Q: 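Take this structure, written in structure tokens, and hold onto it; I'll ask about it next.
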Amino acid sequence: MGKKEIVTHSSEETIELGRQVGAQLKPPLLVLLFGELGAGKTTLTKGIVSALGAAEEDQVTSPTFTLVHKYEQGSVVYHVDLYRVGDFQDLETLGLEDFLTEQAILIIEWPEKLAIRTDWPKLRINLKHESEDSRRISIDDDEVLLDPMEGNAASSRHRPII
Ligand code: ADP
Ligand code: MG
């Protein structure tokens, strides 16, 4: 439990890590992806979304301009990129609050751009450039494991995400 650090050496490895993580997630859940531009947040999301069965890997693209993509082939996953969100905006004006009423998995790139008020369990993932093709990815699954929220994966509560 706690923090896991993995270094991936290609985008394919990052997608594979995303698949391993995604295979163990149950809604409702907020997945917060921290890291600079190009750190691999969207790449990781491809794996998470495909493992959840919500879309094919190739269908997962950056929601930089639209802010939100919804993948709903089977389970429902919202993929949000707050990079371009204005300072004056909040979750309410973006309509993200409505997503939080659904049994969904909400993946957020640049979560530090907005105050997100919810009691949903959170999985925090940090991505860092190590070199051109290497990324250090740390996954902090404490809250997911400890949060007693109903509906969250009871089966995953006592073991680490990966
Ligand atoms: P972000 O969403 O964080 O801005 P992206 O996932 O869109 O980042 O982009 C990451 C870029 O880095 C892609 O062009 C990808 O091919 C490249 N890349 C190289 N090595 C890796 C790796 N190990 N993990 C993830 N992406 C990598
Ligand atoms: Mg991105």
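All values derive from a computational prediction rather than experimental measurement. The chain is numbered in sequence order, starting from 1. Just so you know, ligand 1 is whichever comes first in the structure, and atom 1 is the first atom listed for that ligand.
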Q: Before giving the answer on side chain to side chain donor-acceptor pair (under 3.5 Å), spell out for Glu56 and Ser50 the whole-Å C-alpha distance, their side-chain angles and the decisive distance to 0.1 Å.
A: CA-CA 5 Å; Glu56 305 295 323; Ser50 73; over 6 Å; no
Q: Could you label the plane-to-plane angle of the Tyr83 and Trp110 rings as parallel, tilted or perpendicular, counting under 30° as parallel and over 60° as perpendicular?
A: tilted
Q: What are the protein N/O/S atoms, named by residue and atom, that sit under 2.8 Å from the Mg ion (ligand 2)?
A: Thr42 OG1, Glu109 OE1
Q: Using only atom types and a distance under 3.5 Å, with no angle test, would you say the side chain of Arg135 pairs donor to acceptor with the backbone of Lys128?
A: no
Q: Quick one: list whatever passes ring pair (Phe, Tyr, Trp, His ring centres under 6.0 Å) with Phe34, sequence neighbours left out.
A: none
Q: Kindly indicate whether the side chain of Val77, heavy atoms from C-beta on, has any atom under 4.5 Å from the side chain of Glu72.
A: no
Q: Assess the residue pair Ser131 and Ser134 against the criterion (side chain to side chain donor-acceptor pair (under 3.5 Å)); give the C-alpha distance rounded to whole Å, side-chain angles, the decisive distance to 0.1 Å, and a yes or no.
A: CA-CA 5 Å; Ser131 67; Ser134 306; 3.1 Å; yes
Q: What residues form a side chain to side chain donor-acceptor pair (under 3.5 Å) with Thr8, not counting sequence neighbours?
A: Thr14
Q: Is a side-chain donor or acceptor of Lys41 paired with a backbone partner of Gly35 at a separation under 3.5 angstrom?
A: yes
Q: For Tyr71 and His79, does a side-chain donor sit closer than 3.5 Å to a side-chain acceptor?
A: yes
Q: Can you list every protein residue that has a heavy atom under 4.0 Å from any atom of ligand 1, sorted by chain and residue number?
A: Thr8, His9, Ser10, Ser11, Thr14, Glu36, Leu37, Gly38, Ala39, Gly40, Lys41, Thr42, Thr43, Glu109, Glu132, Asp133, Arg135
